[in-house]
Amino acid sequence: MMSFKLQVILVVILLAALAVIVAMLKKRTLDLKYVLVWIFCLVVLLIFSIFPGTMTKLARFIGIYSPVNMIFFLGFLLAVTIIFTLTVSLSRTTGKVRKLAQMMALENDTWKKENEEAETGAGVYAEHEQAHEELHLQ
């Protein structure tokens with residue numbers, strides 16, 4: 001079993017981590033969709049810290065005979081969940097960057113064509129004005 005002193009230390013650390021995450025959410029440093037996994041993990045750890053017997057009961061219910069192995073199993077699940085969440089986010093961001101680059105390329109091409117047409121049109125207009133002035137001088 002866990003000593004009372006260790007329980008208090010764990011609860012204080014977990015509450016401090018939760019407060020930091022909430023503060024970062026309020027400042028919009030982090031997005032809620034990325035932090036939900038961490039908040040869920042902190043709440044589960046807080047429950048296991050306050051009621052350490054629940055870890056043993058849950059481990060035996062699942063078929064894991066040691067609570068320490070249960071902790072490693074939960075850590076593995078958390079890591080896989082976070083990696084999957086970040087992979088999905090990276091894929092979406094990559095798609096958005098690709099689409100934005102294509103839109104910018106099209107916009108740049110359109111801008112170049114408009115400038116070329118404007119320069120060509122201005123050149124013709126300038127030649128026309130010069131020819132008109134020459135006619136007046138004669």
If hydrophobic clusters are built from ILVMFWY residues whose side chains come within less than 4.5 Å, do Val35 and Leu45 share one? yes

Where is the tightest heavy-atom contact between Pro67 and Ala59, given as atom of each residue plus distance? CA-CB, 4.4 Å

Would Leu25 and Ile39 count as a side chain to side chain contact (heavy atoms under 4.5 Å, CB included) here? Give the steps. CA-CA 11 Å; Leu25 279 172; Ile39 291 175; 4.1 Å; yes

Approximate separation, where rounding is to 0.5 Å, of Glu107 CD and Thr110 OG1: 5.5 Å

Compare all side-chain heavy atoms of Ile82 with those of Trp38 and state whether any distance is below 4.5 angstrom. yes

State, with a plain yes or no, whether a side-chain heavy atom of Leu18 is found less than 4.5 Å away from one of Leu14. no

Using the side chain to side chain contact (heavy atoms under 4.5 Å, CB included) rule, take Val8 and Phe4 through it: C-alpha gap first, then chi angles, then the decisive distance, then the call. CA-CA 6 Å; Val8 171; Phe4 182 72; 3.6 Å; yes

Check the hydrophobic clustering (I, L, V, M, F, W, Y; side-chain heavy atoms under 4.5 Å; chains of links allowed) and say if Phe73 and Phe48 are grouped together. yes

Check: Thr85 side chain, Thr81 main-chain N or O, donor-acceptor pair, under 3.5 Å: yes

Verify same cluster id: Val11, Val44 (apolar side-chain graph, 4.5 Å): no

Quick one: OG1 on Thr93 to CG on Leu86, what's the gap to the nearest 0.5 Å? 10.0 Å

Could you state the interatomic distance from CD1 (Ile21) to CG (Leu42), rounded to the nearest 0.5 Å? 4.5 Å

Hey, what do you get for CG (Leu46) to CZ (Phe51), rounding to the nearest 0.5 Å? 9.0 Å

To the nearest 0.5 Å, what is the distance between CE (Met55) and CD1 (Ile47)? 11.0 Å

How close do Ser49 and Gln7 get, heavy atom to heavy atom, and via which atoms? O-NE2, 3.0 Å

Would you say Val80 and Tyr34 are hydrophobically clustered, going by side-chain heavy atoms of ILVMFWY under 4.5 Å? no

Do Ile64 and Leu74 come within less than 4.5 Å of each other through their side chains, counting heavy atoms only? no

For residues Leu15 and Met24: do they belong to one hydrophobic cluster (side chain heavy atoms under 4.5 Å, members Ile, Leu, Val, Met, Phe, Trp, Tyr)? yes

Would you call Phe72 and Val68 a side-chain contact if the rule is heavy atoms closer than 4.5 Å? yes

